[in-house]
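Only one structure is covered here, and it is reproduced in the block below.
Read the numbers this way: they start at 1 and go in the same order the structure lists the ligands and their atoms.
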Amino acid sequence: MLLLIPGPVQTRPEVRAAMAVDIAPWDRDFAPEYIAIREKLRDLAGGVAGRHVCLPLQGAGHFITEAALRTFVPAGTAPAPGRLLIPMNGAYADRMARLAREAGREVVLLPAPDTRGVAPEAVAAALAADPAITHVGVVYSETGSGIVNDVPAIGAVVRAAGRRMIVDAVSAFGALPFDLSAQPEVDAVVFTSNKCIEGLPGLGFAICPVERVAASRGNAQSWSFDLADVYDTAQRAGWGSFRFTPPVQALHAFGVALDIFLAEGGQPARLARYRENCRILYEGARALGLEPYLAWEHQGPIIALFHQPRVPGFELQRFVEALKRRGVLISNFHNTEAPTMRIGCIGHVGPDEMRFALNALRGALEEMGVRRRDAA
Ligand SMILES: *Cc1c(COP(=O)(O)O)cnc(C)c1O
């Protein structure tokens with residue numbers, strides 16, 4: 001089955017095969033492997049040894065995002081309570097807002113359409129209007145709609161306003177460029193093992209400036225979600241140590257995926273492959289009569305959305321089943337207001353797989369009685 005959901009993504013056989021071993025995470029043999037992964041990820045984020053650290057956490061992307069929010073946005077009881085501004089241009093921005101609110105952090109919403117990246121000027125204006133905002137939370141690649149927010153440009157206005165930034169790069173990291181050294185306003189950039197690095201699910205990672213982590217001790221109000229505690233544990237017990245049992249096979253397999261990623265040319269090569277995947281899908285689906293959700297100039301390389309065909313009786317789940325019978329799995333939900341279908345362009349897939357998916361789309365549309373002129 002070709003997985004285009006997107007995330008967890010299609011993986012290479014050698015990545016999956018690396019799962020089939022028993023490993024003692026606390027054993028000294030595994031520590032060097034874990035340390036090497038942390039260092040490679042720090043470097044990949046543009047971090048520098050001694051100035052930036054890689055802080056992993058077990059679990060899904062929501063967990064590492066919550067940990068970053070709790071660790072860095074000052075709690076209400078802190079000397080100066082934090083306030084988090086979030087540009088609201090997609091489902092993952094909604095999720096960040098909920099994570100922050102449920103952690104008791106004050107959230108300010110910046111409404112924005114989900115069909116383009118948020119304008120940095122709008123962020124600048126919101127910051128100027130509310131001096132109590134301490135942080136801006138940005139979703140780099142919005143997997144709800146397929147747009148990309150311009151993280152370097154938004155970071156520049158955050159930096160100019162003397163505020164801090166938290167970046168949800170879960171569906172961006174490894175594909176879209178990111179340089180922590182050029183963005184000193186960033187407290188944390190977070191991502192997971194199972195998206196653009198093409199590993200298996202199980203772990204989240206935050207790359208952070210050391211001095212910000214050290215200054216955030218005691219803020220998280222949660223032991224499990226405290227990145228400062230992850231840091232302190234590393235200081236005390238070594239960078240190969242864990243606080244709690246990790247999904248160690250997923251971590252081991254992630255190390256294999258990361259080495260393949262680096263050998264393939266790293267971020268620029270991955271971005272080029274995903275862009276081409278997306279272009280083939282966007283143009284091919286359009287030729288089948290499907291209407292893209294985004295204008296091409298606002299289309300990011302990670303996921304493309306298309307309006308569901310406006311024909312009576314069209315039902316997404318039935319369409320997904322028809323595609324599955326043809327060997328392709330796409331998302332069976334949408335989180336845009338308009339009914340859409342979401343097709344991922346990431347994972348261990350290339351032009352051949354995208355053309356295979358287009359053939360499956362053609363067949364499934366025919367099976368459901370969607371004629372070309374009905375589709376859009
Ligand atoms: C996938 C994703 C997440 C995390 O999702 P989980 O299901 O918690 O792993 C967060 N943000 C974005 C932008 C994502 O694409």
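Of the charged side-chain nitrogens involved, at least one lies within less than 4.0 Å of a carboxylate oxygen, so that Arg270 and Glu198 count as a salt-bridged pair. Salt bridge absent: Arg116 and Glu297 never bring a charged side-chain N and a carboxylate O closer than 4.0 Å.
Centroid-to-centroid, the aromatic rings of Phe306 and Tyr293 stay 6.0 Å apart or farther.
Distance from atom 15 (O) of ligand 1 to its nearest protein heavy atom, with residue and atom name: Thr143 OG1, 2.4 Å. Summary of contacts: the protein heavy atom closest to atom 9 (O) of ligand 1 is Gly61 N, 2.8 Å. Nearest to atom 8 (O) of ligand 1 among the protein's heavy atoms is His62 ND1, 2.4 Å. At the top of the distance list for atom 11 (N) of ligand 1, counting protein heavy atoms only, stands Asp168 OD2, 2.7 Å.
Of all the heavy atoms of Asn194, none lies under 4.0 Å from any atom of ligand 1, so neither backbone nor side chain is involved.
Looking at Arg326, its side chain does come within 3.5 Å of a backbone N or O of Ala322 through a donor-acceptor pair. Judged by distance alone, the side chain of Gln267 and the main-chain N or O of Ala175 form a donor-acceptor pair under 3.5 Å.
Remark: ligand 1 atoms within the under-4.0 Å shell around heavy atoms of Ala60 are 6 (P), 8 (O), 9 (O).
Heavy-atom neighbours of Gln317 CD from other residues, nucleotides or ligands within 6.0 Å: above the threshold of 12.
Taking any N or O of Lys195, backbone or side chain, at least one lies under 3.5 Å from an N or O belonging to ligand 1.
Which of Tyr140, Tyr92, Phe191 comes nearest to atom 12 (C) of ligand 1 through a heavy atom is settled by distance: it is Tyr92.
Using a 4.0 angstrom heavy-atom cutoff, Ser141 counts as in contact with ligand 1.
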